[in-house]
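Residue numbers start from 1 in every chain, and the chains themselves are labelled A, B, ... in the order their sequence lines are given, proteins ahead of strands.
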Amino acid sequence: MEIKTLFIIAISAIFINNFVLNRFLGICPYMGVSKQLDSAVGMGFAVIFVMTLASFVTWLIYEYLLAPVDSNLFFHLLKTEKPPDLTFLRTITFILVIAALVQFVEMVIQKMSPALYRSLGIYLPLITTNCAILGVTVMNIDQKLNLIESIVQAFSAGVGFTMALVLMAGIREKLDMADVPEALKGTPIAFIMATLMAIAFLGFSGLSIQ
Amino acid sequence: MAIGKEFAKGIYVENPVYRMVLGMCPTLAVSNTVENAVGMGVAATFVLLGSNIVISLIKNIVPKKIRIPMFVVVISAFVTIIDLVMAAYTPALHKALGIFVPLIVVNCIILGRAEAFASKNTIMDSIADALGMGLGFTLALLSLGITRELLGNGTFWGYPVLGQHFTPLLIFILPPGAFLVLGLYLGLFNWIDNKRKLSS
């Protein structure tokens, strides 16, 4: 039962509700970093990593510090009559956690593996303002997922993002040699390519997994 | 005079969506109807105005190294305000915009204006800049919203305008329509610019 739910979450995050092509999250890096295949792959892996980690941390913070439930730590520490409702601090907490996390991951990678840092490093600062990261953490809470489900959803969302980004980069590398009308060169034609990809991904919405 | 210039540049010359290609996520996601487009435009303008005012006031106090986190905190405070206000007074719109209300925090237009403009200019200029950019963003969303709702549903703000013989082109309401319409509009503005350059 559990495995089945996780499988459904994964498939729908990767294909049916692809974060880029169906939910429009993370469009900026999708357009900005899709000019070369190598950088697209690097960005993709950085996003998968930070997204999964951020979902894990923000879920714990929400459950134990912000949500008005019995497990709230402030409830135990301050011995109030009922658990405090700090959910209005969600946006501000999450964005700060993500920013701090990105900074922390950057420092760790720099110390532990300079080779990895050289390939991922430049994408890490960009990730803070990637709306897909904040999007998936907020979505985990809105959909009332548990910790494992949140992590699976975040990881799959990252995989879906990477897939869309790498596909796009592959097409755009070829597009450089194509004869595109002057006015459509650059970003406009990339959006029109994205249209075709989104139509293709619309086909997945016919999938019914129960 | 200068204030007028700061206001006007956001509308066309430096339009955040069509010229700077910023804030793409909400632009694509909530432009499926005119109502959503206006709602998002107004919400983003409010946040932009608030954050520009506060940031231009605190610009001399904030240490340079931690300015970005400070800006993000200011912005998310205003986003929380608009989030709660919308949930209270316009629950239907709040539900339709869904996750994109909290995501105004990571809208690059807002952080972009904070960093590029409000942290360097006076408060009056920052207000003019915020209103101009907000209006530019709203107009861009509106142009997409009108096109998509009209073609995809045959309606304007929910009222049928194209008559009964019009068959709605559903694709414009669906995600691919957003990419297509935005791509073509960007192309159109490039084309106008190229023409202008040639003639001058």
Side-chain angles (χ1 to χ4, degrees), chain A residues 17-32 87-96 98-100 103 125 128-139 141-143 180-202 205, chain B residues 18 20-32 68-69 72-84 87 98-108 110-112 170-172 174-195 198:
Chain A
N17 289 315
N18 185 287
F19 264 56
V20 177
L21 296 167
N22 200 304
R23 290 193 205 252
F24 306 113
L25 293 168
I27 299 291
C28 297
Y30 181 61
M31 287 298 155
T87 46
F88 67 93
L89 288 175
R90 184 180 68 176
T91 314
I92 202 163
T93 318
F94 281 18
I95 189 73
L96 285 178
I98 291 169
Q103 200 87 53
T128 314
T129 51
N130 181 339
C131 45
I133 310 274
L134 185 63
V136 78
T137 56
V138 171
M139 217 177 268
I141 304 298
D142 280 347
Q143 295 172 349
V180 178
E182 191 58 40
L184 289 179
K185 271 190 182 140
T187 324
I189 195 73
F191 273 108
I192 292 169
M193 292 310 308
T195 312
L196 299 176
M197 282 174 70
I199 292 175
F201 269 74
L202 213 55
S205 63
Chain B
Y18 290 131
M20 319 281 271
V21 199
L22 291 174
M24 285 296 118
C25 303
T27 305
L28 291 163
V30 303
S31 61
N32 53 348
I68 301 285
V72 172
V73 172
V74 170
I75 293 168
S76 44
F78 282 103
V79 170
T80 308
I81 295 173
I82 196 78
D83 193 8
L84 295 175
I99 194 171
F100 287 94
V101 179
L103 285 186
I104 298 176
V105 177
V106 281
N107 187 324
C108 1
I110 295 168
L111 192 58
L170 197 60
I171 191 89
F172 283 98
L174 293 171
F179 287 113
L180 181 65
V181 175
L182 183 60
L184 292 177
Y185 268 124
L186 282 170
L188 177 70
F189 284 108
N190 278 351
W191 183 71
I192 294 172
D193 254 29
N194 290 347
K195 283 253 153 166
L198 279 181

Do [X] and [Y] have side chains that approach each other closer than 4.5 Å (heavy atoms only, starting at C-beta)?
{"X": "N190(B)", "Y": "P188(A)", "answer": "yes"}
{"X": "L21(A)", "Y": "P175(B)", "answer": "no"}
{"X": "F179(B)", "Y": "I27(A)", "answer": "yes"}

Could you measure the distance from the [atom1] atom of [X] to the [atom2] atom of [Y]? Nearest 0.5 Å is fine.
{"X": "M24(B)", "Y": "Y30(A)", "atom1": "CE", "atom2": "OH", "value": "14.0 Å"}
{"X": "L89(A)", "Y": "T80(B)", "atom1": "CG", "atom2": "OG1", "value": "7.5 Å"}
{"X": "L180(B)", "Y": "F191(A)", "atom1": "CG", "atom2": "CZ", "value": "11.5 Å"}
{"X": "L184(B)", "Y": "I192(A)", "atom1": "CG", "atom2": "CD1", "value": "4.5 Å"}
{"X": "C28(A)", "Y": "L22(B)", "atom1": "SG", "atom2": "CG", "value": "7.0 Å"}
{"X": "E182(A)", "Y": "W191(B)", "atom1": "CD", "atom2": "CH2", "value": "13.5 Å"}

Identify which part of [X] has an atom lying under 4.5 Å from any heavy atom of chain B, answering side chain, backbone, both or neither.
{"X": "I95(A)", "value": "side chain"}
{"X": "A194(A)", "value": "both"}
{"X": "I133(A)", "value": "neither"}
{"X": "L96(A)", "value": "side chain"}

Expected output: side-chain S76(B) to main-chain I92(A) donor-acceptor under 3.5 Å: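 Pair absent, no side-chain N/O of S76(B) close to backbone of I92(A).
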Nearest heavy atoms of L103(B) and G135(A), plus distance in Å: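 L103(B) and G135(A) have their closest heavy atoms at CD2-N, 3.7 Å.
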If I measure from the heavy atoms of chain A, does [X] come under 4.5 Å with its side chain, its backbone, both, or neither?
{"X": "I192(B)", "answer": "neither"}
{"X": "I171(B)", "answer": "side chain"}
{"X": "I99(B)", "answer": "side chain"}
{"X": "L28(B)", "answer": "both"}
{"X": "V105(B)", "answer": "side chain"}
{"X": "L174(B)", "answer": "side chain"}

Neighbour count >12 (heavy atoms, 6.0 Å) for atom CD, Q103(A):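 Atom CD in Q103(A) is not crowded, with 12 or fewer foreign heavy atoms closer than 6.0 Å.
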Choice from V20(A), L184(A), N22(A) maximising heavy atom contacts with chain B below 4.5 Å: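 If we count pairs closer than 4.5 Å to chain B, N22(A) comes out on top.
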Output field: ring centroids F100(B)/F24(A) closer than 6.0 Å: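 No, the ring centres sit 6.0 Å or more apart.
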